[in-house]
Amino acid sequence: MKKERIKIISIGNIKEESQIQVMGWVRTIRKSKNVSFISLNDGSTINSLQIVLDMKVFDEKIIDKINTGSSLSVNGKLVNSTGKNQKYELQAESIELLGESDPELYPIQPKKHTFEFLREVAHLRPRTNTFSCIFRIRHACIFAIHKFFNEKGFINIHTPIITSSDAEGAGEMFRVTSLDLDNIKKNKLDYTQDFFSKPVNLTVSGQLNAELGALALSEVYTFGPTFRAENSNTSKHLAEFWMIEPEMAFYDIDDNMDLAEEMLKYIISYILKNCSSDLSFLENLELNDEKQLPQVKRNEFPLIQRLEKIIDNDFIRVKYDEAFQILRNSKPNKKGKFNFKVDEWGIDFQSEHERYLVEKHFKNPVIVSDYPKQIKAFYMRSNRDNKTVAAMDVLFPSVGEIIGGSQREERLMMLEKRMEEMNVSKSELSWYLDTRRFGTVKHSGFGLGLERLIQFVTGMKNIRDVIPFPRTPGNCSY
RNA sequence: GCCUUCUUAGCUCAGUUGGUUAGAGCAGUAGACUGUUAAUCUAUUGGUCCUAGGUUCGAGUCCUAGAGAAGGCGCCA
């Protein structure tokens, strides 16, 4: 009979009594005199396959070398399990130890580890149940995003990672150079001698380039890494993260909000449909963790219900004016409970204000639009009132701002005026202004933070635990 | 960057008002066990108490400085 390697996720499709081969890594091994059990996991699913070893058949010396973390190839017969926790198990007929794992040194034990500890062994943490769930869900999110845009006829464009424009004000940038920095005298950098003959940086946003694409291909999106050299030490910031930036010609701010809401619901329903066992695992993990917390600190609903609520309800849409009034008249504001008082029109909302709107007042995702122009970027379209711009932020429970976007200023005169007011160089961005000089049209777009979305979908508290290799101030290992 | 808290065995944590030889569970090691489910049972190895100073007869415990981490805040996605 032919033996072929089967992935553990597809065990359910295999006929009983089939001869199969599986390969994977040992999660636990339970050895006893007559029979031993191995939990083998190949990352295709949260479920491990139980391997049963009849100790009369196998050389004890070889079995002794199998430990947590070892890699194995196992041939055997798939049979119904007499145990309670699994339907099938593999009756091993031959085992090849592919790679040993010294149990004195291997850091991942079959027990609960803290996320802080696992961050220190981030190169091995995908071998844990929790992180394998997260990375499978991360993949599913990425796939769903491409699928969504493909179905809507969007063109994926790659915007540059190395960029010379520093005019966006989206944050501190990482300088890119080929100069020998070890042998340069203080303050004597000569960029004309550098690779690009001028100072260049890692991108903080692909938006301006994406606009060029939209004003030719109608609907485009970027999906790439983004770099911010901000000294941000929070559970919601990374120095290197992934951002999705759709940009659409002929869309106004309302079309933009519709697309953002439709996209988020699409992704979340895709995850609910395709990652149910991973979601259940994470939901249980969260429920167990929360047992130790006081009621107030627990989530109001379990993970899967939180996701279902997103799909089942319309996002609340409020203009800045209205949100400002709600906050100003709110109890915490009147009682002085906010660290930042809401009193003067024009202030930027702090995260405590956003959280109040989303988690206390509306109890639903909220899209706030039409912000005062002085707190927003130069490229956002001025409204008729000349006080606000057509900006919109999508605020989610627990993670806060998940999307920021706007209708772009397509009127050349208005855009140039804003650039002058905000000290943005027109000559450096002359290529950008060309889109307004030649065949300008109304257009809109937004940026979605992939890791923040995954945080929401997985319920993970720290953004460093939803990206394989997190980069944060002082941390760039692996 | 700011505020608060934390740092004790490979991991998770106890360690009383400063007092003699710093403990537990898990992991590891040796053994037992006829089907286990993070198996169980017996025995056992393992410590620069984050680092450097200081106070004290005596410091894991108190003080100062530094490093690292977590949570919150700011900047933002």
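Below, chain A is the first sequence line, B the second, and so on; all start at residue 1. Please read all numbers here as calculations on a predicted model, not as lab measurements.
- Taking every heavy atom of residues 115-122 of chain A and every atom of RNA chain B, pairs under 4.0 Å involve A:E116, A:F117, A:R119, by number.
- Of the two residues near RNA chain B, A:N231 and A:V52, the one whose nearest nucleotide lies more 5' is A:N231.
- Screening residues 128-140 of chain A for side-chain hydrogen bond (donor to acceptor under 3.5 Å, both in side chains) gives A:R27-A:N129, A:S132-A:R136, A:R136-A:D278, A:R138-A:E451 as the qualifying pairs, with residues at least two apart or on separate chains.
- Of the residues in residues 362-373 of chain A, none lies under 4.0 Å from RNA chain B by heavy-atom distance.
- Evaluation of the ring pair (Phe, Tyr, Trp, His ring centres under 6.0 Å) rule for A:F149 yields A:F154, A:Y221 as partners, not counting sequence neighbours.
- In this model, no side-chain donor or acceptor of A:H113 finds a partner on the base of B:C11 within 3.5 Å.
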(message) How would you summarise protein contacts on nucleotides 41-49 of chain B per nucleotide, using B for base, S for sugar-phosphate only and - for none, with heavy-atom distances below 4.0 Å?
(response) ---------
Donor-acceptor pairs under 3.5 angstrom involving side-chain atoms of residues 331-340 of chain A: please list them, not counting sequence neighbours.
from, atom 1, to, atom 2, distance (Å)
A:N333, OD1, A:V342, N, 2.8
A:N333, ND2, A:R328, O, 3.0
A:N333, ND2, A:V342, O, 3.0

Under 3.5 Å, side-chain donor or acceptor atoms of residues 52-62 of chain A against the rest of the protein: list the pairs with distances, not counting sequence neighbours.
from, atom 1, to, atom 2, distance (Å)
A:D54, OD1, A:K56, N, 3.0
A:D59, OD1, A:K61, N, 3.0

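- Judged by distance alone, with hydrogens and angles left aside, A:S232 brings a side-chain donor or acceptor within reach of the base of B:C75, the pair sitting under 3.5 Å.
- Residue A:S205 has no polar side-chain atom (N or O) positioned under 4.0 Å from OP1 or OP2 of B:A77.
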(message) Let me check I have this right: for RNA chain B, each base becomes ., (, ), [, ] or |, based on Watson-Crick or G-U pairs with both distances under 3.5 Å. What is the full string?
(response) (((((((..((((.....[...)))).(((((.......))))).....(((((..]....))))))))))))....
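- Annotation: B:C26 and B:C41 have their C1' atoms spaced 16 Å apart (nearest Å).
- Scored by the ring pair (Phe, Tyr, Trp, His ring centres under 6.0 Å) test, A:F446 finds no partners at all (sequence neighbours excluded).
- A heavy atom closer than 4.0 Å to some atom of RNA chain B occurs in A:P103, A:E104, A:Q109, A:P110, these being the qualifying members of residues 101-110 of chain A.
- At a non-hydrogen distance threshold of 4.0 Å, A:R30, A:K31, A:S32, A:K33, A:N34, A:V35, A:F37, A:Q50 from residues 29-51 of chain A come into contact with RNA chain B.
- The side chain of A:Q455 places no N or O atom within less than 4.0 Å of a non-bridging phosphate oxygen (OP1 or OP2) of B:A77.
- Remark: A:D321 engages no residue in a salt bridge (charged side-chain N to carboxylate O under 4.0 Å, His left out) (not counting sequence neighbours).
- A gap of 26 Å separates the P atoms of B:C2 and B:U61, to the nearest Å.
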